[in-house]
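First comes the structure, then the notes that go with it.
If you're wondering where the values come from, they're calculated on a predicted model, not measured in any experiment.
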Amino acid sequence: QVQLVESGGGLVQAGGSLRLSCAASGRTFSSYALGWFRQAPGKEREFVAAITWSGMSTYYADSVKGRFTISRDNAKNTMYLQMNSLKPEDTAVYYCAARSGGSDYTRIYEYKYWGQGTQVTVSS
């Protein structure tokens, strides 16, 4: 069992930066691959980024590649998403999730545990 809590969202101007954090409880945190997803109003939840349990491999949606960086600190049971050069289209509720397994890190149904989400709003 893993419980996830996101923080760090807020309002920022286009071109600005934010860092999201995802704090986890549970001694098995380091055994899970983790991901960030987002959901804008009226749209489906979409994949943003993922990181393997070791942190050695990362994956990004094309829309955020080169602007966002995912990382994790297993000693602190925390995952991060550094978001730079933010655009209005990045506005969404951002969710962190722990992956239960599968073959495609971008698939929502491969993630078993979810946080409650944190709002990110980028003004133009």
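Within the 4.5 Å cutoff, the side chain of Y60 has heavy atoms near those of the T69 side chain. Contact check for Q1 versus Y113: side-chain heavy atoms found under the 4.5 Å cut-off. Using a 4.5 Å heavy-atom cutoff, the side chains of M83 and D90 are not in contact. Side-chain contact between W36 and I51 is absent, with no heavy-atom pair separated by less than 4.5 Å. The shortest side-chain heavy-atom distance between Q119 and T91 falls under the 4.5 Å cut-off. Annotation: side chain of R45 is in contact with side chain of W114 (closest heavy-atom distance under 4.5 Å).
In this structure, CD1 on I108 lies 9.0 Å from CD on E46, to the nearest 0.5 angstrom. Note that CG of L34 and OG1 of T58 are 12.5 Å apart. Values are rounded to the nearest 0.5 Å. Of the inter-residue distances, the one linking L18 atom CG with Q82 atom CD reads 8.5 Å to the nearest 0.5 angstrom.
Below 30°, between 30° and 60°, or above 60°: for F37 and F47 the angle between ring planes is above 60°, a perpendicular geometry. Between Y105 and Y59, the two ring planes are parallel [angle under 30°; tilted spans 30° to 60°].
Contact between K87 and V122 at its shortest, heavy atoms only, is O-CB, 3.3 Å. Taking each heavy atom of V5 and Q116 in turn, the nearest pair found is CA-OE1, 3.8 Å. Between M79 and S71, the closest heavy-atom pair is CG-O, 3.3 Å. Taking both residues in full, the closest heavy atoms of A23 and T78 are given as CA-OG1, 4.3 Å, listed atom of the first, atom of the second, then distance. When all heavy atoms of A24 and L4 are compared, the pair lying nearest together is CB-CD2, 3.6 Å. Shortest non-hydrogen contact noted between S124 and P88 is CB-CG, 3.8 Å.
With sequence neighbours excluded, no residue forms a side chain to side chain donor-acceptor pair (under 3.5 Å) with N77. S103 meets the side-chain contact (heavy atoms from CB on, under 4.5 Å) test with R107, E110; sequence neighbours excluded.
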Inset, instruction - Test K76 against S21 for side chain to side chain contact (heavy atoms under 4.5 Å, CB included), laying out the working first. - result: CA-CA 11 Å; K76 295 182 178 179; S21 297; over 6 Å; no

Inset, instruction - Take Y94 and E6 through the test side chain to side chain contact (heavy atoms under 4.5 Å, CB included) and record every step on the way to the result. - result: CA-CA 8 Å; Y94 283 71; E6 303 94 337; over 6 Å; no

Legend entry - side chain to side chain contact (heavy atoms under 4.5 Å, CB included) assessment of F68 paired with L20: CA-CA 11 Å; F68 291 10; L20 305 184; over 6 Å; no

Inset, instruction - Please lay out, stage by stage, how R38 and L81 fare under the test side chain to side chain contact (heavy atoms under 4.5 Å, CB included). - result: CA-CA 12 Å; R38 66 186 182 186; L81 185 67; over 6 Å; no

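Side-chain N or O atoms of T52 include one that pairs as donor or acceptor with a backbone N or O of S57 at under 3.5 Å. Although no hydrogens or angles enter the test, the distance criterion places no donor-acceptor pair under 3.5 Å between the side chain of D73 and the main chain of Y80.
Using a 4.5 Å cut-off between side-chain heavy atoms of Ile, Leu, Val, Met, Phe, Trp and Tyr, with links allowed through other members, Y95 and V64 fall into different hydrophobic clusters. Using a 4.5 Å cut-off between side-chain heavy atoms of Ile, Leu, Val, Met, Phe, Trp and Tyr, with links allowed through other members, V93 and I70 fall into different hydrophobic clusters.
Ion pairing between a basic and an acidic side chain is recognised when a charged N comes within 4.0 Å of a carboxylate O; K65 and D62 show such pairing.
Residue Y109 shares its hydrophobic cluster (ILVMFWY side chains chained together at separations under 4.5 Å) with no other residue.
Both cation-pi conditions hold for R72 and F29: the charged atom is under 6.0 angstrom from the six-membered ring centre and inside a 45 degree cone around its axis.
Applying the 6.0 Å contact sphere to CD of Q3 captures no more than 12 heavy atoms from other residues, nucleotides or ligands.
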